[in-house]
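Worksheet: the structure to be examined is printed underneath.
Numbering of ligands and ligand atoms starts at 1, following listing order.
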Amino acid sequence: MTPVPEGLLFGVAGIPHSCPEDSSLKAVELVQQMGLEALELEFVQGLKMGPETAARIRLAARNHRVKLSAHAPYFINLNAEDRGKRMQSQDLLLNSLRLAAAAGAGDLVFHAGYYGLKSPEETYQNIKNSLKEVLSIARSEKIPARLRLETMGKRKQFGSLDEVLSLCRELDGLLPCLDFAHIFAREGRVNSYRDFLQVIKKVEKKLGRSALKSAHIHISGVKYNQTGELKHLNLQEAEFRFDEWLQALDDAGVAGTIICESPSLETDALMLKNLYHNLKEKRIDSGHQT
Ligand SMILES: [Zn+2]
């Protein structure tokens with residue numbers, strides 16, 4: 001029931017600052033009123049939303065034509081040393097997916113876990129095995145929300161671009177959430193038009209054109225050091241070249257949802273949306289001239 005995007009839709013992670021109440025329901029209305037098109041529900045501190053609230057949010061999103069996604073709790077670790085903790089993480093991921101679907105979210109973004117003392121290869125296998133089970137249950141229950149494995153910004157976290165794309169290629173039903181601030185912070189590179197285009201081409205090569213036509217993307221400014229991401233910044237205060245990034249997305253014909261995670265939330269999301277639509281208009285104008 002969520003609208004199918006033709007280009008990019010812009011939204012925020014969590015409740016906008018200008019929202020008078022700490023309420024996801026109000027946030028859905030407000031997002032539309034302020035001219036945005038998407039909202040990521042934050043389950044990051046746990047699954048506190050009841051089924052009635054979820055149903056109301058689902059309805060509100062449909063009425064206001066807001067595309068919903070959700071973000072799973074931060075404390076999931078599918079590579080935990082302790083088997084009990086790994087199973088708890090699987091349960092939490094599945095319950096997040098069920099709640100996301102109940103609230104009308106088509107996508108659930110999650111962080112898979114940490115390497116801890118294990119090698120990247122062993123971590124990859126552990127996470128793959130855990131996710132296989134989760135995906136199989138999700139399929140058997142026909143949960144109408146997709147799992148989105150996020151590219152992570154800290155080097156101790158599983159989730160380099162290559163790891164995410166390989167796992168998504170291997171596991172049916174798993175899709176990426178491309179966090180470009182994280183990709184940039186993790187490597188300290190990937191910050192030019194050419195770099196962004198390279199990332200996009202890599203996604204296409206590994207996962208096919210369809211992955212670019214229903215992309216789910218996170219963005220913010222970011223402060224980082226040799227360990228990777230330190231904290232999010234507003235785009236104007238950071239070195240991330242968001243204008244070149246947006247140009248690359250547009251030139252490559254990427255469609256889907258952009259979720260802004262800058263501290264300023266809606267201010268940056270609206271700035272990006274305007275910039276994107278200006279690019280599109282320019283393209284139409286120059287098309288008419290030739
Ligand atoms: Zn995240």
Next on the checklist: Before we go on, tell me: are the rings of Tyr115 and Tyr124 under 6.0 Å apart, centre to centre?
Outcome noted: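 No; Tyr124 has its ring centre 6.0 Å or more from that of Tyr115.
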Next on the checklist: Suppose we only count N/O/S atoms under 2.8 Å; would His182 qualify as near the Zn ion (ligand 1)?
Outcome noted: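 Looking at His182, which is the residue asked about, there is no N, O or S atom under 2.8 Å from the Zn ion (ligand 1).
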Checklist entry - Between the Zn ion (ligand 1) and Cys177, is there an N, O or S atom separated by less than 2.8 Å? => result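 Under 2.8 Å: Cys177 has no N, O or S contact with the Zn ion (ligand 1).
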Item to check | Sidechain N-carboxylate O distance under 4.0 Å for Glu141, Arg98 | outcome: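 Yes, charged N to carboxylate O under 4.0 Å.
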Item to check | Metal-centred angle, NE2 of His71 through the Zn ion (ligand 1) to OE2 of Glu150, rounded to 10 degrees | outcome: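 Vertex at the Zn ion (ligand 1): approximately 150°.
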Next on the checklist: When you compare the side chain of Leu92 with that of Phe75, does any pair of heavy atoms fall below 4.5 Å?
Outcome noted: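 Phe75 reaches Leu92 side chain to side chain.
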Next on the checklist: Keeping Glu187 on the side-chain end and Phe184 on the backbone end, is there a donor-acceptor pair under 3.5 Å?
Outcome noted: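 Flag not set: sc Glu187 to bb Phe184 has no pair under 3.5 Å.
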